[in-house]
Engineer: 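Sharing a structure with you now.
Chain letters run A, B, ... following the sequence lines, proteins first and then strands; every chain starts at 1.
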Amino acid sequence: MNIFDDFHARIAAVLDRIAGDGRLPKLDHARFVVEPPKDTTLGDLASNAAMVFAKEAKPHFSSPRELAVEICHALAETENVASAEVAGPGFINIRLKPKIFADVLRAALRDPANFGRVAKGRASALQGKVNVEFVSANPTGPMHVGHGRGAVFGDALANLLAFSGCEVTREYYINDAGAQVDVLARSAYLRYREALGEAITIPEGLYPGDYLKPVGAALAKAHGKTLVEKPESEWLPIVRAAAIDAMMEMIRDDLAALNITHETFFSERALHEQKNGVSDIDAAIDWLRAKGLVYEGRLPPPKGQLPDDWEDREQTLFRSTQFSDDVDRALKKSDGSPTYFAADIAYHKDKIDRGYDTLVDVWGADHGGYVKRMAAAVAALSDKRVTLDVKLCQLVKLMRAGEPVKMSKRSGDFVTLREVVEEVGVDAARFMMLYRKNDAPLDFDLAKVIEQSKDNPVFYVQYAHARGKSALRQALAAFPDIDLAAESLAEADLSRLVDEGELALAKIIAQYPRAVEAAAAAHEPHRVAFYLHELASVFHSHWNRGKDQPQLRFVKADDRQLTIARIALVSSLTVVLGSGLRLLGVSAPDEMR
RNA sequence: GACCCCGUAGCUCAGCCGGAUAGAGCAACUGCCUUCUAAGCAGUAGGUCGCAGGUUCGAAUCCUGCCGGGGUCGCCA
C-alpha cells in the first residue's frame, strides 16, 4: 500500500476528467509528483500537478492556483481526505484522516514480507529481466576492500530490484583470459617448485602473496615433479587452470563471508574459445560488421602524453562514435588477438541474447573512461532496446580512529576484505558501504563502525529494531495473554493511536514503499539506508518522550486495548526496519548484546 | 588537450528527471538517567549550496563558461 501512488492516481483521474470536459489536453501524468511536503505542518502529501501543467492549463485556467483549486475540491470529496488546500504558487497540500495510516499499518502487519514491494506494472523501469554484473574482480588474489564496496552495492541493488518486481540475475564476469592470469600461473608455478623443496625467489612482476602457497602444494601433490620437466607452453595451461580455480574458490569464500552469492559465473576465456573455427568474439565482431559498424582504419594518437611505443597503424575499429562515444575503439591488438573491449562486446551480446531488458554493470571508478564505449556497444548490439546502467563505485579509504590505514600492494601488505569483515562483522561492513552514494568516496573507519553509539548508523538502526522488539516483550510481560503475531495485531483498534509522535511514526512508515521504489528505480540502495536511519530517529525520539510523559509509553498496564494498538504500531515499525535491513543484507537483531 | 565523477555548515555527507524557510550525523555549547535498554533524546549555534552568466513564475537541482580536487585517455584488465 503506497499512499503516494494512490493520490497520484486520484489526481490523474481528476486531470483526466477535466480533460474530458475539453478544458485540458491529454497530459503526461509522469510529469507531476506526489511527495511528502517539505514542512510536515503543511500536511501529509503535496503535489505540484497544477504548476507542472500551468502551460497546458492556460486557455481555461488563468493561473496554476485556479487549476489547483479545482483539483483540491475534487480531492476533498475522495476517501480519507481531511482537507486539500492550495498554497503558494499552486501547491496542493493534502491532509489525510488518521484512518489511512491505520490502513497502512494493517497492510504492513498482514503481509510483512511484501510490504513496500512495488505494485506490478507501476514503474516501467522496474519490470522485466535485469542482469546485475558485479564484483568481477580478477582471479589473481584475495579481494580487497574496494572490491567489497562494489560487491555489497551490487548485491543490495539486486535485492532491491528483485523486491521491486524485476527478475534479477547476479552475475560475475571472470577475467580469466589475458596476460595477468598468465602471471598468476607463473607465480603459482614458482610456489609449486617451492612445494617440491626448491628455494625460490619471486621476481618483480609476479604475485608475491602467500595465498598461492596452497595452490603450489596442491599442484605438487597432483602432478609430482612431472611439470618441472615440461616446457612452459605445456605446464602453463595446467597451472593456470588450477590457479584460477583456486582463486575463484577463495573469492567465493570472501563473498560468502559478506553473504553474497552469484547465480552466474561467466568466463571470459570461454568467449575466446573456437567453436568450429569461430569464437564468440569473432561472431560478435562479425555481427557488428554486418551492421556496418566495424571497419579497418587509423586512430589519431591520444592527446596529452603520448605512449612511448605509439605506432600509427591500421586496425579493426568499432564505430562507437555513432553512439556518442568520443572516438572509435580498437577491437584487435597489434598481434591480431582481440582486445578486452572486443571480449566485453561478445560478453554483453551474450547477455542481450539471454533476453535481459536492463543491464547493470558495477565497476570501480578507475573504469570510468570505459563507460561510453560499453554503452555504445550495448546500444549497437541491441538496436537500442536494452539499456546499460554502469554504476561506478568510488574508492574506499580505510581508516582506524581517524588515521588512514597504510597499505602497500607491492610488499603484499594490504588489508584484505576478509580481514575487514572479520574485524567489524558483516552488518557493519555492509551498512557502512551502503550508507554513501556509490559515486562518492567512502571513508571506512574500522574503529568507528563497531562503536556502539548513535554516532554509528549501523548500530543506531539495529538498535531501533531491538528496542521495538524489547517493547513487544515488555507488552507480553504486562499482558501475558496477548497475541504478538503480526496478523493478530493487525486486528487492533488503531484509532487509539492519536498522539502526534505515534502518528509521525505511522506517517514515516507509510513512506517506506515510496522510498524503496525510488531507490530501485534510481539504482541507489543508499536511499534505503538513509530512510532507515530517519525511521529509527523518529522512533527513538518518540520512545524518549515516554520518559517525561509516562502516558505515552507503549505499554500501559492499565489499558490493554491501548497497549495492543501501540504494540501494533511498534510491530509494523519492526516489519519495516526488518524489511529494509534485509534489502541491505544487514541483520535485524531482536536484542543488542 | 579530451572525456567522466566530485565541489552544499568547522568535518563527513544527504537532498539534484526544477518547487515552498537548503537537511542529517560528528565536533562545540545547554539540558534530560530511582529508565518499557541514557547503547538514547531535546535544544542552541553554525550556509554567498565553488565562481560567473543563462533558461524559468520558480535553480543547490537544468544549460554554458571558468576555478579547484580526483579518475581515465590505441594493444593493460
Side-chain angles (χ1 to χ4, degrees), chain A residues 30-31 33 35 37-39 42 46 48 51-52 54 63-64 87-91 93 136-138 140 175 177-181 268 298-307 309-313 315 317 325-341 343-344 364-372 390 392 394-395 435-437 439-443 445 448 451-457 459-460 462-464 466-467 470-475 477-478 521-522 526-527 529-530 533-534 537 540-548 550 553-557 570 591-592:
Chain A
R31 281 168 57 200
V33 296
E35 57 190 0
K38 203 152 213 135
D39 181 350
L42 294 170
N48 60 356
M51 291 183 292
V52 165
S63 73
F91 285 102
N93 289 329
S136 302
N138 296 327
T140 54
N175 296 136
Q180 60 188 1
V181 284
E268 180 192 356
R298 288 172 191 281
L299 231 40
K303 299 276 165 45
Q305 206 171 6
L306 197 65
D309 56 349
W310 171 264
E311 110 185 69
D312 188 31
R313 71 175 182 92
Q315 50 189 346
L317 297 167
D325 197 359
D326 307 310
V327 285
D328 291 338
R329 302 293 178 174
L331 297 172
K332 295 272 176 75
K333 302 182 195 174
S334 53
D335 65 0
S337 64
T339 59
Y340 184 81
F341 180 49
D344 229 349
D366 53 340
H367 291 64
Y370 201 76
V371 174
K372 278 191 181 182
V390 178
L392 297 177
Q394 282 289 343
L395 298 179
Y435 196 62
R436 191 110 311 175
K437 227 172 6 183
D439 52 12
L442 170 67
D443 286 354
D445 195 312
K448 270 205 178 125
E451 194 174 297
Q452 299 210 334
S453 76
K454 69 186 162 73
D455 309 353
N456 179 354
F459 174 79
Y460 187 81
Q462 287 187 318
Y463 180 47
R467 214 174 210 186
S470 163
L472 297 184
R473 289 190 294 269
Q474 297 293 339
H526 77 276
R527 297 192 191 201
F530 277 90
H533 191 267
E534 194 187 342
S537 167
H540 287 311
S541 172
H542 180 61
W543 175 286
N544 259 64
R545 291 178 67 223
K547 204 174 297 297
D548 295 335
R553 297 183 179 188
F554 291 108
V555 178
K556 291 279 293 168
V570 174
E591 51 187 336
M592 306 296 283

Engineer: With P as the reference atom in both, quote the distance from B:G46 to B:C6 in angstrom, rounded to an integer.
Structural biologist: 30 Å
Engineer: Identify all side-chain donor-acceptor contacts of residues 540-548 of chain A below 3.5 Å with residues at least two apart in sequence or on another chain.
Structural biologist:
{"residue": "A:H540", "atom": "ND1", "partner": "A:R467", "partner atom": "NH1", "Å": "3.0"}
{"residue": "A:H540", "atom": "NE2", "partner": "A:Y460", "partner atom": "O", "Å": "3.2"}
{"residue": "A:R545", "atom": "NH1", "partner": "A:D499", "partner atom": "OD2", "Å": "2.8"}

Engineer: Let me spell it out: for each of A:P338 and A:R329, pick the nucleotide of RNA chain B with the closest heavy atom. Which residue's pick is nearer the 5' end?
Structural biologist: A:R329
Engineer: Looking only at non-hydrogen atoms, find the nearest pair between A:A365 and A:L392 and report the distance.
Structural biologist: CA-CB, 4.4 Å
Engineer: To the nearest 0.5 Å, how far apart are CD in A:Q394 and CZ in A:R436?
Structural biologist: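 Separation between the atoms: 12.5 Å.
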Engineer: Under a cut-off of 3.5 Å for both distances of each Watson-Crick or G-U pair, what dot-bracket string does RNA chain B give, using [ ] for crossing pairs and | for inter-strand pairs?
Structural biologist: (((((((..((((.....[...)))).(((((.......))))).....(((((..]....))))))))))))....
Engineer: With rounding to the nearest 0.5 Å, note down the distance linking NZ in A:K437 to NE2 in A:H526.
Structural biologist: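 Reported value, rounded in 0.5 Å steps: 6.0 Å.
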Engineer: Starting at the 5' end of nucleotides 16-33 of chain B, put B wherever the base has a protein heavy atom under 4.0 Å, S where only the sugar-phosphate does, and a dash everywhere else.
Structural biologist: B--BBB----S-------
Engineer: Would one find a side-chain N or O of A:Y460 under 4.0 angstrom from OP1 or OP2 of B:C41?
Structural biologist: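 Answer is yes, contact under 4.0 Å.
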Engineer: Suppose we screen for side-chain hydrogen bond (donor to acceptor under 3.5 Å, both in side chains). Which residues come up paired with A:Q180, at least two apart in sequence or across chains?
Structural biologist: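 side-chain hydrogen bond (donor to acceptor under 3.5 Å, both in side chains) check on A:Q180 returns A:N138.
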Engineer: Would you indicate what A:R31 reaches in the nucleic acid, counting non-hydrogen atoms under 4.0 angstrom: base, sugar-phosphate, or nothing?
Structural biologist: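 Nothing, no nucleic acid heavy atom in range.
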Engineer: Residues two or more places apart in sequence or in another chain: which of them pass salt bridge (Lys or Arg N to Asp or Glu O under 4.0 Å) with A:R298?
Structural biologist: A:D312
Engineer: Identify all pairs in which a protein N or O lies below 3.5 Å from an N or O of nucleotides 63-72 of chain B, and state each distance.
Structural biologist:
{"residue": "B:G71", "atom": "O2'", "partner": "A:A365", "partner atom": "O", "Å": "3.4"}

Engineer: For A:Q315 and for A:N175, find the nucleotide of RNA chain B with the closest heavy atom, then tell me which residue's nucleotide is more 5'.
Structural biologist: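 Result: A:Q315.
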Engineer: Pick base, sugar-phosphate or nothing for A:P441, based on heavy-atom distances below 4.0 Å to the nucleic acid.
Structural biologist: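 Sugar-phosphate contact only.
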